[in-house]
There are 2 protein chains.
Amino acid sequence: MTKSRAQQKEITRRQIIDAAFRLLSLERSYSSLSLREVAREAGIAPNSFYRHFEDMEELGLTLVDEGGVALRQLMRKARQRIEDSGSVIQVSVETFMEFVRNSPQVFHLLLRERSGTSLAFRKAVSRELQYFIVELADYIQHRQNYTMDEAKIQAEAMVILVFNAGAEALDCKPAELKLLTEKAILQLRYIARGADELSRGRQKKTVRP
Amino acid sequence: MTKSRAQQKEITRRQIIDAAFRLLSLERSYSSLSLREVAREAGIAPNSFYRHFEDMEELGLTLVDEGGVALRQLMRKARQRIEDSGSVIQVSVETFMEFVRNSPQVFHLLLRERSGTSLAFRKAVSRELQYFIVELADYIQHRQNYTMDEAKIQAEAMVILVFNAGAEALDCKPAELKLLTEKAILQLRYIARGADELSRGRQKKTVRP
DNA sequence: ATTTAATGTATACAACTGTACGCTGAAATA
DNA sequence: TATTTCAGCGTACAGTTGTATACATTAAAT
């Protein structure tokens, strides 16, 4: 059976994407990758790259999208875990940390391009983060009676801190991982509790649980 | 009057450092600078660079150090402002935001190299952040009776959030700056209050102020 | 006054980059 | 079956890079 043209093209496209992810590491940022390098790793001629992507920026944005999707899928599973067992904060943070350790390249990409030189990249990563922030804000608002603004500010702080913990996790030894996770959990609890107290202070009447 | 050798060397060294800072921007990260480019901007021959720095990494570490010093000096001034007027959190955050807007290149450098490809850079930036964290933790611990660990975890969360607000400030319009600052202040208050409540919960007896 | 040492330069080279051009073979279409 | 389309390749070119080597100038040391 011979492959259709579209199928073969899709395969090559995947090879390029996978090659790029493979090249990312602690010592190698996306912006330091050259087109030729990616082509080499993908096993194609440099010029063939252009049959699939306009330039490296377009490939990069594709990687950010793919990475975001992968991360969101994982966090959706985390929510299932929450249903039957335990604390939202703990399960979420632990799930995220697992992701960072299992797919460090993806996390590297998101982490670095969030403050990278390309506006398009920064916006793309920011958009991925917004998904989390909004989902988390919804969740928070659903359980307590915050305004949406309050909930978002709270959610954003949490996402930033978890992201930061992920960044530290990349550099640390496996033994230190647990400590790092606990630190992040505690920081998130500070925020949850603090937001709780401060919003209660502003409200006329709220029954303490 | 002729210049002594050491004096002239120091002048050229400064030209290199200043040139490198000048080249940094939203669109230009340190790792994307070439040795030749810096030499060109500094007005010297490419090879002359080596008379002052082993390689680009050594220059970069020097920049991180200088940036850290500048930032710390500014924050020290902030503490004076706190003495006579108002909230610690508010003054600190506002001071930091001013720094970001006034010396964006320095902040760019710290922000990016914090998650960059060079371990030496990451460590250098991390060390700069530790200065702030420790100072803030001391301050926190001095006012309330936390353990040092608690105070540090709290301080770290605060520094991370302020840093993040700074990153957002780089991309935003001047009009949005105030809103951004207020958001960060609120986030820090969440943490302060949350830590306060959670540590009180653990203590046998504490008199509410 | 002579020698030494060091700052800065000019030239050169090999390695790598992005990408323009033209070609090939085979799948898709007519 | 004949024609068109298009993914992929090879060659080529101009530009940039880090840095090795050799040399000039001149302050500092002898």
Under the salt bridge (Lys or Arg N to Asp or Glu O under 4.0 Å) test, which residues partner B/Lys152, sequence neighbours left out?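 Counting only residues at least two positions away or on another chain, B/Lys152 forms no salt bridge (Lys or Arg N to Asp or Glu O under 4.0 Å).
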For nucleotides 24-26 of chain D, tabulate all protein N/O to nucleotide N/O atom pairs closer than 3.5 Å, reporting atom names and distance.
residue: D/dT26; atom: O2; partner: B/Arg5; partner atom: NH2; Å: 2.7

Within residues 127-144 of chain A or reaching into it, pairs that qualify as side chain to side chain donor-acceptor pair (under 3.5 Å) - sequence neighbours excluded: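 Of all non-adjacent pairs touching residues 127-144 of chain A, those that pass side chain to side chain donor-acceptor pair (under 3.5 Å) are A/Arg72-A/Glu128, A/Arg79-A/Glu135, A/Tyr139-A/Arg143, A/Gln144-A/Asp196.
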Per the side chain to side chain donor-acceptor pair (under 3.5 Å) rule, what does the pair list look like for residues 54-65 of chain B, sequence neighbours excluded?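 Qualifying pairs: B/Glu57-B/Ser118.
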Rounded distance in Å - [atom1] ([X]) to [atom2] ([N]):
X	N	atom1	atom2	result
B/Lys9	C/dT9	NZ	C1'	16 Å
B/Ile44	D/dG18	CD1	C1'	14 Å
B/Gln7	D/dA28	CD	P	9 Å
B/His52	D/dT19	NE2	P	16 Å

Any pair with a residue in residues 4-46 of chain A that passes ring pair (Phe, Tyr, Trp, His ring centres under 6.0 Å), sequence neighbours left out, goes on the list, sorted by first then second residue, please.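 Residue pairs passing ring pair (Phe, Tyr, Trp, His ring centres under 6.0 Å), neighbours aside: A/Tyr30-A/Phe121.
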Tell me, which pairs form a ring pair (Phe, Tyr, Trp, His ring centres under 6.0 Å) where one or both residues lie in residues 153-188 of chain B, sequence neighbours left out?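 Those involving residues 153-188 of chain B are B/Phe96-B/Phe163, B/Phe107-B/Phe163.
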Just jot down the ring pair (Phe, Tyr, Trp, His ring centres under 6.0 Å) partners of A/Phe49, sequence neighbours excluded, or say none.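 Only A/Phe53 meet the ring pair (Phe, Tyr, Trp, His ring centres under 6.0 Å) criterion with A/Phe49.
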Could you list by number each residue of residues 13-32 of chain A showing a heavy-atom separation from DNA chain C of less than 4.0 Å, or answer none if no residue does?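 Contacts with DNA chain C under 4.0 Å: none.
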Could you pull out all residues at least two apart from B/Ser87 that satisfy side chain to side chain donor-acceptor pair (under 3.5 Å)?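 Testing B/Ser87 for side chain to side chain donor-acceptor pair (under 3.5 Å), a comparison that skips the adjacent residues, returns B/Arg189.
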Under the side chain to side chain donor-acceptor pair (under 3.5 Å) test, which residues partner A/Ser92, sequence neighbours left out?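 If we apply the side chain to side chain donor-acceptor pair (under 3.5 Å) test to A/Ser92, skipping adjacent residues, there are no hits.
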What I want to check is whether the side chains of B/Ser32 and B/Arg28 have a donor and an acceptor closer together than 3.5 Å.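 Their side chains do contain a donor-acceptor pair, which is all the 3.5 Å distance test asks for.
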With salt bridge (charged side-chain N to carboxylate O under 4.0 Å, His left out) as the rule and sequence neighbours excluded, what pairs involving residues 92-115 of chain A come up?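 Sorted result for residues 92-115 of chain A: A/Arg81-A/Glu98.
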Can you check each nucleotide of nucleotides 10-20 of chain C against protein heavy atoms at under 4.0 Å and return B for base, S for sugar-phosphate only, - for none, in 5' to 3' order? BBB----BBBB
Is any side-chain nitrogen or oxygen of A/Thr12 closer than 4.0 Å to OP1 or OP2 of D/dG8?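 The answer is yes; a side-chain N or O of A/Thr12 sits under 4.0 Å from OP1 or OP2.
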A/Ser48 side chain near D/dC9 phosphate (N/O to OP1/OP2, under 4.0 Å):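 Yes.
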Basic-acidic side-chain contact under 4.0 Å: A/Glu10, A/Arg14: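 Salt bridge flag = no for A/Arg14 with A/Glu10.
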